[in-house]
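Residue numbers begin at 1 in each chain, while the letters A, B, ... track the order of the sequences.
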2 protein chains.
Amino acid sequence: MAKQARAVQTWRSIVDAAASVFDDYGYERAAISEILRRAKVTKGALYFHFASKEAIAQAIMDEQTSTVEFEQEGSPLQSLVDGGQQFAFALRHNAMARAGTRLSIEGVFLGGPHPWGEWIDATARMLELGQERGEVFPQIDPMVSAKIIVASFTGIQLVSEADSGRADLREQVAEMWRHILPSIAHPGVIAHIKPEGRVDLAAQAREKAEREEQEARIAAEAKEAGSDPATDTGSRSGGAGLRGGGSGRGTRAGQAGDEGDEEPAGAGVAAAGGAA
Amino acid sequence: MAKQARAVQTWRSIVDAAASVFDDYGYERAAISEILRRAKVTKGALYFHFASKEAIAQAIMDEQTSTVEFEQEGSPLQSLVDGGQQFAFALRHNAMARAGTRLSIEGVFLGGPHPWGEWIDATARMLELGQERGEVFPQIDPMVSAKIIVASFTGIQLVSEADSGRADLREQVAEMWRHILPSIAHPGVIAHIKPEGRVDLAAQAREKAEREEQEARIAAEAKEAGSDPATDTGSRSGGAGLRGGGSGRGTRAGQAGDEGDEEPAGAGVAAAGGAA
């Protein structure tokens, strides 16, 4: 492996391991030694990339903010709702999102920099777009409403974590929108917004897991039979539609509970954007 | 002092000192030794009252919940708004409210019990009362809306802390109500609700500080002159109206910034209730 690619991989290993440690223990109790153990890197490698625990925490907060990209096509309000539900989904299935959120909140108490600035700016831009397209009331100040939305979301995911380990987060975020939309959008627009999000990310993740499992099975069968799996399209498309949710959840998807398979930070969002 | 009264005083000293330590350092970094130092009690006395740091934290979270009592007269929605603004004021001027809130949030990460149950129940009762009096839409589920309100408040005070050290908290909480009220109340009712709260707690605290300062001055003058201060009402009422906010804020009130004097947990609420 080239030197630069190896450095990128080491950086990635450290950030991923640190996310899982911060998610488990929070900033104060997170030990560098535990990050090293999980990342399987040396102390020297870690300090080559990061000057301090604080610097790793900052990298994770930056990663978290880049988890969601709002779909620019269609209804800006629906895209805003969808982005929030994608982040809510990431909070359930992704240590990076959880660690970033926990660090943001703990950072307030530790006197850190404002961790929600980028979220607020991105939300305000979608509200502005909503005003341009006639969805959002013209008298709304996008920055004022964006701050209320981001702040409310932060509190709602905290209460959902305390209530249900975030099991009810999708529904709680939908309730947040039902409570806020009447003050920012025309009733005729609200009737067309889906507060649970346009795409069922859980179902999507389950389908993806099933598809991957099936592709792996077909590849294995083809390898055994000595044929070329790329030409074997008939059995692939036929099987995928028939099998339903059962067997996929019993294997890989079973780990992540009722929302299906574990989902990497960007994948669900990119897929949702494509499907929208 | 009687044995029981002394025990109550010791308990109070420990809880007050612990609140200031938890407010400064959070749960993890709060040291029992620092609580002992600030409370000026022995280790034995502390462990006579509390089995552990966790038990002290629980006592502070219980104290915090009892900070606000909703006014039962007049508009239930306005009383709900007022109660939230009283708590917002307490967050700015009262270590007990700040420590209770910080411990509640940190407790979620530490897997503690749900810290917002009582707030949600009390809020739901006010929404029910609002339904009975025709202020709140009958189709609203009070528990669902109460959870969204309490969760949003929790997030909003966090973002306000990060943004401005809670200097803009009153206005941010008012914005929260402007965003939520249209989904739960009739427009005709909303027109009469003051989202900043019915009572200006800051002005009230300033007036109280000025009154106390003046009374102290009159008592001192009377003592010097050898007369009875209780009969000297003429100069008291005359002076209070003329002096304005300046000199009061320059002395005691100056410590607490732009909202006036430091206010004990219950006092502002009781005063607001009486004035309503």
Listing needed: what donor-acceptor pairs below 3.5 Å join chain B with chain A?
from      : atom 1 : to        : atom 2 : distance (Å)
Glu28(B)  : OE2    : Arg29(A)  : NE     : 3.0
Arg29(B)  : NE     : Glu28(A)  : OE2    : 3.0
His114(B) : NE2    : Asp163(A) : OD1    : 2.6
Ser145(B) : OG     : His179(A) : NE2    : 2.7
Lys147(B) : NZ     : Asp163(A) : OD2    : 2.4
Ser152(B) : OG     : Ser152(A) : OG     : 3.3
Asp163(B) : OD1    : His114(A) : NE2    : 2.7
Asp163(B) : OD2    : Lys147(A) : NZ     : 2.4
His179(B) : O      : Ser183(A) : OG     : 3.0
His179(B) : NE2    : Ser145(A) : OG     : 2.7
Ser183(B) : OG     : His179(A) : O      : 3.0

Residues in side chain to side chain contact (heavy atoms under 4.5 Å, CB included) contact with Ala18(A), at least two apart in sequence or another chain: Phe22(A), Ile35(A), Ile56(A), Ile60(A)

Contacting moiety of Ile156(B), where chain A heavy atoms sit under 4.5 Å: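 For Ile156(B), backbone and side chain are both near chain A.
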
Residue part contacting chain B, namely of Ile184(A), when any heavy atom lies under 4.5 Å: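 Answer is side chain: those atoms of Ile184(A) sit under 4.5 Å from chain B.
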
Residue selection (most heavy-atom pairs with chain A, distance under 4.5 Å) from Leu110(B), Ile148(B), Val159(B), Leu181(B): Ile148(B)

